[in-house]
Structures are given as structure tokens and as C-alpha cells.
Amino acid sequence: MSIRGIDVSDYQPNINWQAVARDGIAFSFVKSTEGATFVAQSFARNWAAMKAAGIQRGAYHFFRPASSIQGQIDLFLKTVKLEAGDLPPVLDVETTGGLSVEQLCDRAAIWLEAVEKATLMRPIIYTYPGFWDNLGTKRFADYPLWIAHYTTAEEPWVPGGWKTWTFWQYSDTGSVSGVSGNVDTNIYESVREGAVSYKVADIQRELRIKGFYQGAMDGKFGATTTAALISFQKSQSLNPDGIASLKTWAALMRKSPKVVVPPPAPTPVPQPTPAPISGVRLTQVFSSYKASASQDTALIWLQSQVPTSVLGEFAQKWRATPLPQDSNLRLIDVGKFYRGLAQQDQALDWLQKQISPAIITEFAQKWRSQSIVTNSPIRLIDACKFYRAAPQQNQALDWLEGRISPAILSDFFRRWQDANRL
């Protein structure tokens, strides 16, 4: 589930935060300070108004690497007073200030460590791919990443050794009620049971640090992770829904005195969803979709058996936006863009209920019989299409990278950057 947010500065004066909240914005970052002397004029007003409007708030410091580091630390901590529920502090890194990469990183590390110690929250790093890739460092990959990348792709470019992103600033031309003119727009993706990603691994790590989770750090959001997350949410008086929402994530980022965690009750055996006669669920089908010709043939057959009106309603549920009745999705496209999101799973479960068991059974036979194919080379283009940051996918990519010469990798990186500039 995507949670919408914005970020603002003095360039957006007189914001009506009540109107912003009514427009569905759940969080916002606001510029607080820059360098060792500058405090944003609008910060104090925005900081109080965001809280009053019920918007989860965060503050960012624009880093000036050549300025006094202690001065920058003191200015931020004097200006920003974080409270329970607030987002972690942000270090906005967009310029070298004429320093070397090593000098910049050393000075940024001082700010990050000092602010984390003072606020008991691990800071977020904000940057953009072109700048960070030019630095060529992986030094801060264990900090949460807020990445600015304006693209039509499904995911942003993640630089610098980070495995995933936490916040994505996807546009600087957004329009939101209560804000005059353009505004930066962002999303945070909640994760829940069934997800497999590095974001899940990060959640598992934080739960383990706090003593709530003893399971495998495998990035798989299963029943054990859900139970641990619910226990943590209850300890923080949060909604115990087992979903790593933004409020839950922010609470995980806050360090606290060690708590005594009661022994966990035996994990209840989850009641399986009654399986269709065929024993196949559409969510399972699309999670294993590889765009092979045989799979596409089975999906085309299934689509031909579903009434157009049903496909039209499914398209609305999948996209969560009102669409003309004839704006149907192809099931092949559903496979290409399936990410295991809660909204997607709900739409697929709804669709399955509209299809007769007999058709599901025949589809399962076609899917299974044609899924046994001879091994064939995989194209890197196809690998990119179906990349989901799963641990085994990253291991395979790391293995491949180790077998390609540095010269070829450098040439590939140059061509990739040239393509992104078009």
C-alpha cells in the first residue's frame, strides 16, 4: 500500500495543512535548517501546523559539507524538537562543497552519529542517483534512503550500495490542495504478510534488535514476522494490525531503553484460505509468472473465459482508480506488474471469486502442464522486468557481476547513464 506524502520549504508559503490532510497526504518533510546558520522562516509555523492537522511530520537539514559540522549539528538540534510519532531526522546530501568524497563522508558521518545519539532515531539520507553514483561510495548503505528520482519506471534507481529505498520522491511538479503551485511528492510503501523484499529484512532486523523477533532474517514476511510486529505494535500503543505502516516504521526507528518482552504466546496456526477445487490461487500464479510463451498462452486462454464486464471491474480494483468500463487490463500485463502489494492481492482474490471452479481447474491444468519447459538462456531485459529485490535474485545478480570484467561493467554503466539522460 502506497502512503502519500510531500516535502516543503520556504518556497511554499502559507500552506493550509488541514486542506493538505483532506487531500489524502499522510506525511510531510519540511526544511528546517541549512549549513551552520540558516533556519527556514516557515519551519516553526509548518512544524506546529502539521501536527495540528494530524500529518506525520519530519524535518530535513540541507548539508553544507564545508561549513562547521558542529555548528550544523547544534543548529539542527536547537531548531527541531522531535516527539513520539515524528519521522527520523533527515540529512539532505546534494553537494560536495568542493571537498573530496572521503572528506564529505567523514563530515556527514559526524552529523549522522551526533544527531542519532541526541534524538535516539537513526537519520534518513536524502539524495538523488546521479549525485550519489558520482561519489562512488557505499559507506552509508545501512541508513534509510529517501531517493529523489523522477521516472515513469515502477521503482526508482537505488544507488550507493543500498538494497532498497524507504521514501521515494517521484515528482517535483505535484499538485496538492492547500499548497500553491508545484510541490515535491513522495511515497512510502507499507509491507505486510506475504511480501518478500529487502524492506522486510530491514523490518525483521529492527524487530530483532528490540527483542521481538527471533526468526530468520530472510526478507520473507510470514506468520512469525507478523506475530512479532503485532507484539511490537501493542508495546507502542499502535494499531496491532501486523502491517509495517509508516507509523510502525517510525516507531521501529526510535531507540528506547531496553524493554522486557513477555514470552510470546504460541503462534496460532493460521487457517488456510479455502483453496479452489484446482488447488491454485491467482496470487500464486502471478507471483510465479516469468513471461514465458507457455504462461502467456494460459493467461490468454483464461482471459477469453472471463466476461468483459468482470475484467472491467477487476481493472478498477487493480488500479484503484475509476476507469471507463472498456479499460480492461490484459492478464499478461497483470503478471508483468504484479508486486505482491495488498491492493493487487485483493483485486486478484476478487477476480478469482468471479470465475467458476471449472474454469479455474482447466486453467490450472494448462498453467501447470505448460510450466514444464526446457531450460533456455534468460535475457537481462527480462530479469529487470521481474526484479523484486528478493534475496535469491540479488545473490544471482551478485554472482553474475563477479564474472564480468571491470572494463565491461564500466562500459555498461556509462551506456546506462547515457540512456537515463535522454
Side-chain angles (χ1 to χ4, degrees), residues 1-7 25-29 56 58-60 63 87-94 108 112 121-172 174 184-192 195-206 217 219-221 243-253 337-344 383-391 393-394 397-398 416-417 420:
M1 174 181 169
S2 298
I3 298 176
R4 297 172 58 217
I6 60 175
D7 62 274
I25 298 300
F27 70 92
S28 179
F29 291 103
Q56 197 167 1
Y60 72 89
F63 188 50
L87 296 169
V90 179
L91 186 64
D92 181 346
V93 186
E94 301 183 49
L112 292 166
M121 297 189 81
R122 192 158 185 78
I124 300 164
I125 292 180
Y126 169 95
T127 193
Y128 60 95
F131 173 78
W132 203 269
D133 274 338
N134 285 334
L135 293 181
T137 182
K138 299 181 179 180
R139 183 165 169 181
F140 300 110
D142 56 341
Y143 285 86
L145 173 65
W146 175 14
I147 191 69
H149 187 200
Y150 312 143
T151 174
T152 58
E154 288 285 306
E155 297 278 345
W157 179 270
V158 177
W162 275 286
K163 301 294 186 182
T164 187
W165 54 273
T166 302
F167 296 92
W168 176 14
Q169 183 188 91
Y170 61 89
S171 175
D172 60 352
D184 295 339
T185 47
N186 305 266
I187 58 170
Y188 168 89
E189 287 286 353
S190 297
V191 290
R192 62 169 67 201
V196 179
S197 67
Y198 278 110
K199 292 181 181 179
V200 177
D202 290 343
I203 297 295
Q204 292 172 331
R205 183 187 67 243
E206 295 302 327
M217 309 284 285
K220 298 178 180 179
F221 204 133
I243 300 173
S245 64
L246 184 54
K247 290 183 178 179
T248 296
W249 178 83
L252 282 170
M253 293 298 104
F337 297 106
Y338 177 76
R339 296 292 184 272
L341 302 178
Q343 169 189 314
Q344 295 175 332
C384 291
K385 286 180 182 178
F386 303 106
Y387 177 72
R388 286 169 173 74
Q393 290 177 325
N394 287 291
L397 289 171
D398 288 340
W416 183 276
Q417 282 191 315
N420 286 340

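- Side-chain atoms of Gln56 and Leu87, non-hydrogen and from C-beta on, do get closer than 4.5 Å to each other.
- Within the cation-pi definition used here (under 6.0 Å to the ring centroid, within 45° of the axis), Arg122 qualifies as a partner of Tyr143.
- In summary, the aromatic rings of Phe167 and Phe27 are positioned with their centroids under 6.0 Å apart.
- Using a 4.5 Å heavy-atom threshold, the side chains of Ile25 and Thr185 count as separate.
- Listed here is the closest heavy atom pair of Ala108 and Phe140: CB-CZ, 4.1 Å.
- In this structure, the side chains of Ile3 and Ile187 stay at 4.5 Å or more apart for every pair of heavy atoms.
- For the atom pair OH of Tyr170 and OG1 of Thr151, the computed distance is 13.5 Å after rounding to the nearest 0.5 Å.
- A distance-only check finds no donor-acceptor pair linking the side chain of Trp168 to the backbone of Glu155 [under 3.5 Å].
- In this structure, the side chain of Glu206 does not engage the main chain of Met253 through any donor-acceptor pair within 3.5 Å.
- Within a 6.0 Å radius of NZ in Lys199, more than 12 heavy atoms belonging to other residues, nucleotides or ligands are found.
- Counting only heavy atoms from C-beta outward, the side chains of Thr248 and Ile203 never approach each other to under 4.5 Å.
- The closest side-chain heavy-atom distance from Leu135 to Pro159 is not below 4.5 Å.
- No donor-acceptor distance shorter than 3.5 angstrom exists from the side chain of Ser245 to the backbone of Ser190, with no hydrogens or angles considered.
- In this structure, a donor-acceptor pair under 3.5 Å is absent between the side chains of Asp7 and Trp146.
- Residues Ala141 and Gly160 approach most closely at CB-O, 3.9 Å, considering heavy atoms.
- Atoms CD1 and CZ, on Ile124 and Phe29 in that order, are 4.0 Å from each other to the nearest 0.5 Å.
- Listed here is the closest heavy atom pair of Asp184 and Tyr150: OD1-OH, 4.4 Å.
- Distance alone, capped at 3.5 Å, places no donor-acceptor pair between the Trp132 side chain and the Lys138 backbone.
- Atoms CG and CD1, from Asn186 and Ile147 in turn, are 11.5 Å apart once rounded to the nearest 0.5 Å.
- We find the OH-CH2 distance between Tyr128 and Trp157 to be 15.5 Å, quoted to the nearest 0.5 Å.
- Annotation: side chain of Gln169 is in contact with side chain of Tyr126 (closest heavy-atom distance under 4.5 Å).
- Trp165 and Val158 make their closest contact through CD1-CG2, 3.9 Å (heavy atoms, listed as atom of the first residue, atom of the second, distance).
- Between atom CG of residue Asp202 and atom OH of residue Tyr198 there is a gap of 10.0 Å, rounded to the nearest 0.5 Å.
- Considering CD of Glu189 and CH2 of Trp249, their distance stands at 14.0 Å, rounded to 0.5 Å.
- Closest approach of Pro89 and Met121 over heavy atoms only: CD-CB, 4.0 Å.
- Side-chain contact check for Val93 versus Phe131: some heavy-atom pair is nearer than 4.5 Å.
- When all heavy atoms of Asp92 and Tyr60 are compared, the closest pair comes out as OD2-CE1, 3.7 Å.
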